[in-house]
Amino acid sequence: MAVQKPSIPKGTRDFGPYEMVRRNYIFNITRKVFGKYGYLPLETPAMENLSTLLGKYGEEGDKLLFRILNSGDFLSKVAPSEKSLLNSQKLLSQISEKGLKYDLTVPFARYVVQHRNEITFPFKRYQIQPVWRADRPQKGRYREFFQCDVDVIGSKSLLSEVELIQITDEVFSILGIDIKIKINNRKVLAGVAEMMGEAGQMMKITIAIDKIDKMGLEKVNEELLQSGIPQKAVDKLQPILMFSGGREEKLALLKNLLAGSEIGMKGVAELEQVFSYLSGLNIHSEVEIDLSLARGLNYYTGAILEVEAMNVKMGSICGGGRYDDLTGIFGLKDVSGVGISFGADRIYDVMLQLDLFPAGLEQTTQLLFVNFGEKEEEYCLKLLDGVRKAGISAEIYPDRVKMKKQMIYANNKNVKFVALVGENEMLEKKITLKDMVTGEQEKLTLDELVMKLK
RNA sequence: GUGGAUGUAGCUCAGUCUGGUUAGAGCACUGGAUUGUGGUUCCAGGGGUCGUGGGUUCAAGUCCCAUCUUCCACCCCA
């Protein structure tokens, strides 16, 4: 058989020990903070039935789903008339019924509905797992990446929104990343569309607001007109497009503009309530109303959140929001949820760029016993046991090879101390301990060594 | 999905424009200087289907086409 060059699929990565200790550092911190706020862990399968996934993420999302081919002779059951390439959409639905999960929120909703009788509501869970998207990879975008989700489902209280902001603030403050939390509300966006007389065009309008910084007022207006929105409606949007000012002014402007829209006013009230709760708390990060924040996932109905890192160019590192009826599709009505998702891979990239990982994360072995030979091996094995029982991570070099090789091993692995036990030490019942940083060495008893390293 | 760049040793890259002996460097690796001492130094050595497939040519790492990979921008997103 010809030797083939090993490789992994586009947009996926191996995580070596260097990456893993740093990734675990992030995961451990998020887990700890989530737990502190009363969230419990959950895991769901890597794959879901396509019926669970399709239609939840918009048209774009459906395209980005990884589909899994049915097992066995998957073509045998397809009618010959549908095997033609022209029929690919129809064909696809018959040869594939499972897909890799696209996010953690939809499988979570599925779980909640399926287990509704075992769950005590409000249900607070966190979930740290990989998700897959068939996107074209680029900076900070992977086809397999990890999300750390926290959600609370079964409560409409805005305290949950506030709690998510607190969690976000705490996690990033521990990690050392300066962030800006951007908040908006789908009800406000719906109100804006309603006020323009274009209630159905909320997404189009929001995308246009989003482009104002990049393209400028004229181009945005042009694009709106081109996409079939009448001049009269576009005119009504101008105050928002041309707006500049702080949070208070923004809220005042919205109240004024959306006075005729019940849903819009509700959204504004929600925003105000959240900020009122926040005002009494000690939040380090900047929290800003961003009217251009839309978020593509079409299950959001209330607050929407996004986090971006300051001082570094990277897409959003967190995103989330409230979904009033995600469980409705699976047959459980009137259960509102809200959650936020931490993008572990982007957070990792940001921390690497800003050099925020603490030193010494990968040091595992504190002490290495050099292997001098058969008798020494046996003797060291007992010492090793004693050292480990004292809680010190230690190992013996498994092969009786040249000392130089063993020292290089210790050095490359960042082992802090090396124990040298040969004939002399065995007679004296001592251990020669070498400090790999200073190069100094001294003869100690086992007890003295344990005291020193503990 | 659209547009642009990229691919040469395990890694980072030179060589490609202007085709012509045996394709180079640094790092890493192996052995030695040093048989109980690593991280510094010195010496020696191994390692390449030049991403893959096709074409042009007396001759292709170098020119042409296709394809894949990675990266960047757009779209969208974590």
Side-chain angles (χ1 to χ4, degrees), chain A residues 2-13 16 26 30 57-64 101-105 128-149 168 203 206-207 210-211 214-215 223 293-298 300 304-309 313-321 339-350 368-373 376 397 400-426 431-441 443:
Chain A
V3 178
Q4 51 171 335
K5 230 181 187 173
S7 66
I8 55 175
K10 193 189 206 136
T12 64
R13 296 147 300 153
I26 296 172
T30 51
Y57 309 107
E59 209 178 308
E60 193 77 14
D62 283 357
K63 271 191 236 160
L64 298 180
K101 66 179 173 225
Y102 179 92
D103 75 352
L104 301 179
T105 310
I128 301 178
Q129 286 194 270
V131 299
W132 294 267
R133 294 181 192 177
D135 224 337
R136 193 182 278 208
Q138 54 172 285
K139 190 184 179 70
R141 170 176 298 180
Y142 308 99
R143 289 185 147 185
E144 178 186 59
F145 60 98
F146 276 68
Q147 294 193 323
C148 314
D149 272 37
T168 305
M203 285 309 281
T206 311
I207 288 167
D210 182 39
K211 287 185 175 162
K214 277 185 209 162
M215 297 165 57
E223 203 175 281
L293 185 59
R295 301 194 51 75
L297 300 178
N298 55 9
Y300 289 126
I304 39 187
L305 292 163
E306 225 170 78
V307 174
E308 80 183 28
K313 206 183 160 226
M314 178 71 63
S316 59
I317 54 178
C318 271
I340 189 161
S341 175
F342 290 69
D345 307 81
R346 287 188 178 175
I347 293 170
Y348 175 94
D349 289 346
V350 167
L368 173 80
F369 281 85
V370 170
N371 190 331
F372 281 111
E376 291 88 343
Y397 196 88
R400 299 164 198 162
V401 296
K402 276 189 313 191
M403 191 162 165
K404 179 173 172 140
K405 199 172 159 116
Q406 303 190 38
M407 294 300 280
I408 291 173
Y409 172 82
N411 201 57
N412 289 347
K413 205 171 165 179
N414 261 320
V415 176
K416 195 122 189 278
F417 293 96
V418 168
L420 303 161
V421 184
E423 258 179 81
N424 296 339
E425 285 87 352
M426 279 164 63
I431 300 161
T432 297
L433 182 73
K434 182 184 172 86
D435 184 323
M436 290 297 280
V437 179
T438 63
E440 284 164 13
Q441 50 190 68
K443 277 192 183 173

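Numbers restart at 1 for each chain; the letters A, B, ... are given by sequence-line order, proteins then strands.
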Checklist entry - Which heavy-atom pair separates A:Tyr397 from A:Asn371 by the least distance, and what is that distance? => result O-ND2, 2.9 Å
Checklist entry - So what does A:Lys402 touch, heavy atoms closer than 4.0 Å: a base, only the sugar-phosphate, or nothing? => result sugar-phosphate
Item to check | A:Arg346 side chain to A:Gly140 backbone, donor-acceptor under 3.5 Å | outcome: yes
Checklist outcome for this item: By the Watson-Crick or G-U definition, both distances under 3.5 Å, B:C74 is matched with B:G1
Item to check | Nearest-Å distance once atom C1' is located in both B:G15 and B:G20 | outcome: 14 Å
Checklist entry - When you check every protein heavy atom under 4.0 Å of nucleotides 34-44 of chain B, what one-letter string (B, S, -) results, 5' to 3'? => result --BBBB-----
Item to check | Full working for side-chain contact (heavy atoms from CB on, under 4.5 Å) between A:Trp132 and A:Arg143 | outcome: CA-CA 5 Å; A:Trp132 294 267; A:Arg143 289 185 147 185; 5.9 Å; no
Checklist outcome for this item: Taking a pair to mean Watson-Crick or G-U wobble geometry with both distances below 3.5 Å, B:G45 pairs with B:C29
Item to check | Pair assignment for B:G38, Watson-Crick or G-U wobble, requiring both distances under 3.5 Å | outcome: none
Next on the checklist: Strictly by Watson-Crick or wobble contacts shorter than 3.5 Å, is anything paired with B:U52, and which nucleotide is it?
Outcome noted: B:A66
Checklist outcome for this item: To the nearest 0.5 Å, atom NZ of A:Lys139 lies from atom NZ of A:Lys313 at 7.5 Å
Checklist entry - Expressed as a whole number of Å, how far does the P atom of B:A33 sit from that of B:U8? => result 37 Å
Next on the checklist: Does A:Lys405, at its NZ atom, have more than 12 non-hydrogen atoms belonging to other residues, nucleotides or ligands within less than 6.0 Å?
Outcome noted: no
Checklist entry - Taking atom C1' in both B:U70 and B:A25, what distance in whole Å separates the two? => result 24 Å
Next on the checklist: Which residue in the set A:Ile347, A:Ile128, A:Ile340 passes side chain to side chain contact (heavy atoms under 4.5 Å, CB included) when paired with A:Cys148?
Outcome noted: A:Ile128
Next on the checklist: Keeping A:Gln406 on the side-chain end and A:Val401 on the backbone end, is there a donor-acceptor pair under 3.5 Å?
Outcome noted: yes
Item to check | Separation between the P atoms of B:U30 and B:G39, rounded to whole Å | outcome: 12 Å
Checklist entry - Residues two or more places apart in sequence or in another chain: which of them pass side chain to side chain contact (heavy atoms under 4.5 Å, CB included) with A:Gln441? => result A:Leu420, A:Thr432, A:Lys434
Next on the checklist: Can you check the distance between B:C29 and B:G19, where both ends of the measurement are the P atom (answer in whole Å)?
Outcome noted: 40 Å
Item to check | Inter-nucleotide P distance (B:G31, B:G46), Å rounded | outcome: 15 Å
Next on the checklist: One character per nucleotide, please: for nucleotides 68-78 of chain B, 5' to 3', B when the base has a protein heavy atom closer than 4.0 Å, S when only the sugar-phosphate does, - otherwise.
Outcome noted: -SS-SBBBBBB
Checklist entry - What interatomic distance, in whole Å, is found between C1' of B:C72 and the corresponding atom of B:A9? => result 27 Å
Checklist outcome for this item: Closest non-hydrogen atoms of A:Arg136 and A:Arg141, given as atom of the first, atom of the second and distance, are O-CD, 3.2 Å
Next on the checklist: I'd like the P distance from B:A23 over to B:U37, given in whole Å.
Outcome noted: 41 Å
Checklist entry - Whom does B:G24 pair with, Watson-Crick or G-U wobble, provided both distances fall under 3.5 Å? => result B:C13
